[in-house]
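Step one of this worksheet: look at the structure below.
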Amino acid sequence: MQKSLFIVLEGGDAAGTTTHSHLLKGFLEGKGFKVHLTQEPSQSKIGKLLREFLKNKDIPPTTDALLFAADRNLHYKIEIKNKLEEGFIVISDRYIESSIVYQSIQSHEISVEWVKEINKFVGLPDITIILDIDPKIALARKEDEDLEKFEDTSFLDKVRNLYLQRAKQEGYYIISSDAIIEFVQEKIQKIIIDKLKNMS
Ligand code: TYD
C-alpha cells in the first residue's frame, strides 16, 4: 500500500507555489502515486470569505489570523486528514507557515507563538518547501490593478526574511524560485523522490 505524505509549498506572493504544486502533482501521478492537490485559503465558505478579505485593507489582522486558523482547522479535519488516511500524497499550496509569517508581520499584537497556539489542532506537514524569490522580481509578474493587500514590496521583503529565518529554525527546504520553472521544479521533485525512497 502507498504510504501517505503531506507536502506543503510556501513562499511570498508570486513565488510560484501554485504553478509548482500543479507541476509536482502531474509528476507524482506520472510515477503512479495517488495525489490530492489542495490550497489555502481553502475552497470552504471560510476560505471564500478570506479571499474577499484579501482585497480589504480594513479587516483587523487578528481577524485574518483567526479566520485563517479556522479555515485550516476545517480544511485539515474534513479533507487533508481523510486523504492522508486513504494513502494519498497530499500537496497543499500554503499552510500553517503562511499564517506564522504573514499574520505575525501584519501586526505587533500577533506573535509567532500565538499563531502556533490557535493552529495547534491540525496535523503538521511531513515536508515544507519554501520557494524563495526577490519580491521585486515576483511582483513584476503581476498587473498592478490585480494586487491584493499583502502584495507590496516592503511587506514582502519582511515576509521573505521571516520565511528564511523560520526555514533555518525548523529545517525546512529552501529553493530559489528565481530560475527557469523546469529547473526549480526538478529540485522540488528530487526532494520528494528522496523522501519517498527513504520511506520505502
Ligand atoms: P495566494 O497563494 O497568493 O493566493 P492567489 O494565488 O489566489 O493570489 O494566497 C493568498 C494570500 O493569502 C497570500 O498573500 C498569502 C495570504 N495568506 C495569509 O496571509 N495567511 C495564511 O494563512 C494563508 C494560507 C495565506
Side-chain angles (χ1 to χ4, degrees), residues 6-25 37-77 79-80 90-125 128-133 135-163 166 170 172 177 181 188:
F6 183 14
I7 304 165
V8 171
L9 296 190
E10 291 274 2
D13 287 73
T17 57
T18 306
T19 304
H20 285 292
S21 303
H22 281 88
L23 290 171
L24 183 62
K25 177 180 194 267
L37 175 61
T38 185
Q39 78 289 311
E40 291 193 351
S42 79
Q43 302 289 358
S44 76
K45 285 186 181 163
I46 309 172
K48 293 202 172 102
L49 182 63
L50 276 163
R51 293 229 172 251
E52 273 175 41
F53 282 3
L54 286 172
K55 298 188 183 77
N56 185 342
K57 291 197 160 77
D58 297 330
I59 303 299
T62 42
T63 305
D64 271 344
L66 291 162
L67 281 175
F68 277 117
D71 184 42
R72 181 164 305 118
N73 196 68
L74 188 63
H75 188 202
Y76 181 78
K77 295 198 169 179
E79 181 179 331
I80 295 173
V90 175
I91 304 171
S92 187
D93 174 1
R94 298 189 177 281
Y95 196 60
I96 193 165
E97 209 57 44
S98 283
S99 284
I100 290 176
V101 169
Y102 280 78
Q103 273 62 65
S104 75
I105 291 174
Q106 254 190 301
S107 162
H108 293 299
E109 276 185 295
I110 299 178
S111 69
V112 168
E113 286 314 312
W114 179 69
V115 178
K116 283 188 188 164
E117 181 68 19
I118 60 174
N119 281 279
K120 72 180 178 188
F121 303 108
V122 295
L124 295 177
T128 299
I129 299 176
I130 313 289
L131 298 181
D132 179 54
I133 191 165
K136 279 192 222 66
I137 297 172
L139 286 188
R141 298 170 177 170
K142 291 211 157 195
E143 302 284 344
D144 276 357
E145 59 270 23
D146 291 339
L147 295 183
E148 291 170 344
K149 69 183 170 191
F150 299 136
E151 295 178 329
D152 89 54
T153 322
S154 67
F155 182 82
L156 288 179
D157 276 332
K158 292 184 196 151
V159 166
R160 182 187 196 190
N161 290 335
L162 187 52
Y163 266 128
R166 292 275 313 148
E170 302 291 331
Y172 300 146
S177 186
I181 287 178
I188 297 172

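On a predicted model such as this, the values are computed, not experimentally measured, just so you know. Basis for what follows: all heavy atoms, side chains included, without hydrogens, waters or symmetry-related copies. Here, residue 1 is the first one in the sequence, and each next residue gets the next number. Order of listing sets the numbers, starting from 1, for every ligand and every atom in it.
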Are any of the side-chain heavy atoms of [X] and [Y] separated by less than 4.5 Å?
| X | Y | value |
| --- | --- | --- |
| Q103 | W114 | no |
| I181 | H20 | yes |
| K25 | H22 | no |

Mark up the atoms of ligand 1 that fall under 4.0 Å of a heavy atom belonging to F150, in ascending order. 14 (O), 16 (C), 19 (O)
E40 heavy atoms within 4.0 Å reach ligand 1 at atoms 24 (C)
Among all protein heavy atoms, pick out the one at the shortest distance from [atom]; state its residue, atom name and that distance to 0.1 Å.
| atom | value |
| --- | --- |
| atom 1 (P) of ligand 1 | R94 NE, 3.5 Å |
| atom 8 (O) of ligand 1 | E148 OE1, 3.6 Å |
| atom 3 (O) of ligand 1 | D13 OD2, 3.5 Å |
| atom 22 (O) of ligand 1 | S99 OG, 2.6 Å |
| atom 25 (C) of ligand 1 | F68 CE2, 3.5 Å |
| atom 6 (O) of ligand 1 | T18 OG1, 4.1 Å |
| atom 20 (N) of ligand 1 | Q103 OE1, 2.8 Å |
| atom 7 (O) of ligand 1 | R51 NH1, 2.8 Å |

Using only atom types and a distance under 3.5 Å, with no angle test, would you say the side chain of [X] pairs donor to acceptor with the backbone of [Y]?
| X | Y | answer |
| --- | --- | --- |
| S177 | I133 | no |
| D71 | I46 | no |
| K149 | N56 | yes |

Does T17, backbone or side chain, put an N or O under 3.5 Å from an N or O of ligand 1? no
Within the structure, does E151 bring an N/O atom to less than 3.5 angstrom of an N/O atom in ligand 1? no
Have Y172 and E97 got a donor and an acceptor in their side chains that come within less than 3.5 Å? yes
Indicate whether the side chain of E109 and that of T62 have a donor and an acceptor atom separated by less than 3.5 Å. no
Using a 4.0 Å heavy-atom cut-off, which part of Q106 comes near ligand 1: side chain, backbone, both, or neither? neither
Per-residue contact class, L54 against ligand 1 - non-hydrogen pairs under 4.0 Å: side chain
Do the two ring centres, one from F6 and one from Y95, sit under 6.0 Å apart? yes
Report, as yes or no, whether the 6.0 Å neighbourhood of atom CD on E148 holds more than 12 heavy atoms from other residues, nucleotides or ligands. yes
Would you say Q39 contacts ligand 1, with heavy atoms under 4.0 Å as the rule? no
